[in-house]
Amino acid sequence: MRSGEELDGFEGEASSTSMISGASSPYQPTTEPVSQRRGLAGLRCDPDYLRGALGRLKVAQVILALIAFICIETIMKCSPCEGLYFFEFVSCSAFVVTGVLLIMFSLNLHMRIPQINWNLTDLVNTGLSTFFFFIASIVLAALNHRTGAEISAVIFGFLATAAYGVNTFLAVQKWRVSVRQQSTNDYIRARTESRDVDSRPEIQRLDTFSYSTNITVRKKSPTSLLSLNHWQLA
């Protein structure tokens with residue numbers, strides 16, 4: 001039988017061997033947080049956005065644009081068809097673009113693409129949709145044949161115009177607030193950098209040395225040019 005010291009030594013070697021094999025094993029448990037993982041698994045709906053004014057307006061715009069598009073598609077006959085085609089294009093385009101923005105904002109997908117100014121994008125979309133829906137509704141109201149589908153399309157077109165107009169007003173305010181915040185952040189960053197320079201004398205000495213060196217070079221440059229000209233004449 002082995003003595004107690006031999007058993008203790010054997011157990012110590014076994015534990016160290018298991019630790020080394022565990023550290024070198026490729027099957028290690030991941031320590032990556034769930035929130036940092038990419039992919040569709042991290043998507044979640046943002047109820048606060050859908051409950052807010054902008055979210056409700058987006059939902060109303062998608063519904064109104066879809067109903068207006070359905071109404072205009074049920075019209076089978078038209079004598080001047082230009083107004084009908086224009087209203088169809090506007091309602092379909094507004095439905096698609098606003099639906100995409102609604103999905104982006106409600107699922108927080110826009111946070112993954114910070115290179116795009118989403119406030120400005122929303123402002124441009126709502127402004128253009130307000131303008132074109134208003135024009136298309138007026139043209140369709142002037143050229144319709146007083147059928148039920150045309151009257152319904154005109155009504156929902158003006159309702160969509162009102163919804164987009166309110167959203168445009170709110171988007172302008174939100175865009176101004178974001179611009180002011182960006183300006184404030186830039187000012188604070190500049191003040192912080194200037195304070196860091198003031199609190200570090202070695203940077204001030206380096207700037208003073210660079211400035212004096214530039215002045216010395218500028219003073220010597222005319223003399224060097226005269227010497228060069230004299231040498232060339234000689």
Sub-4.5 Å side-chain heavy-atom contact between [X] and [Y]:
X: Leu50; Y: Phe105; value: no
X: Ile72; Y: Leu140; value: yes
X: Phe131; Y: Tyr164; value: no
X: Leu66; Y: Phe156; value: no
X: Ile155; Y: Leu159; value: yes
X: Thr98; Y: Lys58; value: yes

Output yes when a side-chain donor or acceptor of [X] lies under 3.5 Å from a complementary backbone atom of [Y], and no otherwise.
X: Thr126; Y: Leu123; answer: yes
X: Trp118; Y: Ile113; answer: yes
X: Arg56; Y: Arg51; answer: yes

To the nearest 0.5 Å, tell me how far [X] [atom1] sits from [Y] [atom2].
X: Ile70; Y: Ser91; atom1: CD1; atom2: OG; value: 10.0 Å
X: Leu102; Y: Leu107; atom1: CG; atom2: CG; value: 8.5 Å
X: Phe87; Y: Cys92; atom1: CZ; atom2: SG; value: 12.0 Å
X: Asp48; Y: Ser106; atom1: CG; atom2: OG; value: 12.5 Å
X: Arg176; Y: Asn119; atom1: CZ; atom2: CG; value: 13.5 Å
X: Cys81; Y: Ile75; atom1: SG; atom2: CD1; value: 9.5 Å

If you group Ile, Leu, Val, Met, Phe, Trp and Tyr by side-chain heavy-atom gaps below 4.5 Å, do [X] and [Y] land in one group?
X: Leu64; Y: Ile103; result: yes
X: Ile63; Y: Val100; result: yes
X: Val96; Y: Leu57; result: yes
X: Phe133; Y: Leu84; result: yes
X: Tyr49; Y: Val177; result: no

> Given His110 and Ile116, is the side chain to side chain contact (heavy atoms under 4.5 Å, CB included) satisfied, shown in steps?
Replying inline: CA-CA 8 Å; His110 65 288; Ile116 300 177; over 6 Å; no

> Any chance CZ of Phe134 has more than 12 other-residue heavy atoms, nucleotides or ligands included, within less than 6.0 Å?
Replying inline: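 Atom CZ in Phe134 is not packed in, count stays at 12 or less.
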
> Step by step, would you call Asn167 with Asp122 a side chain to side chain contact (heavy atoms under 4.5 Å, CB included)?
Replying inline: CA-CA 9 Å; Asn167 196 355; Asp122 187 30; 4.1 Å; yes

>> I need the minimum non-hydrogen distance between Ser137 and Thr161, along with the two atoms involved.
In response: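 Closest heavy-atom pair between Ser137 and Thr161: OG-OG1, 4.3 Å.
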
> Ring centroid separation for Phe95 and Phe69, is it under 6.0 angstrom?
Replying inline: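 Phe95 vs Phe69: aromatic centres not under 6.0 Å.
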
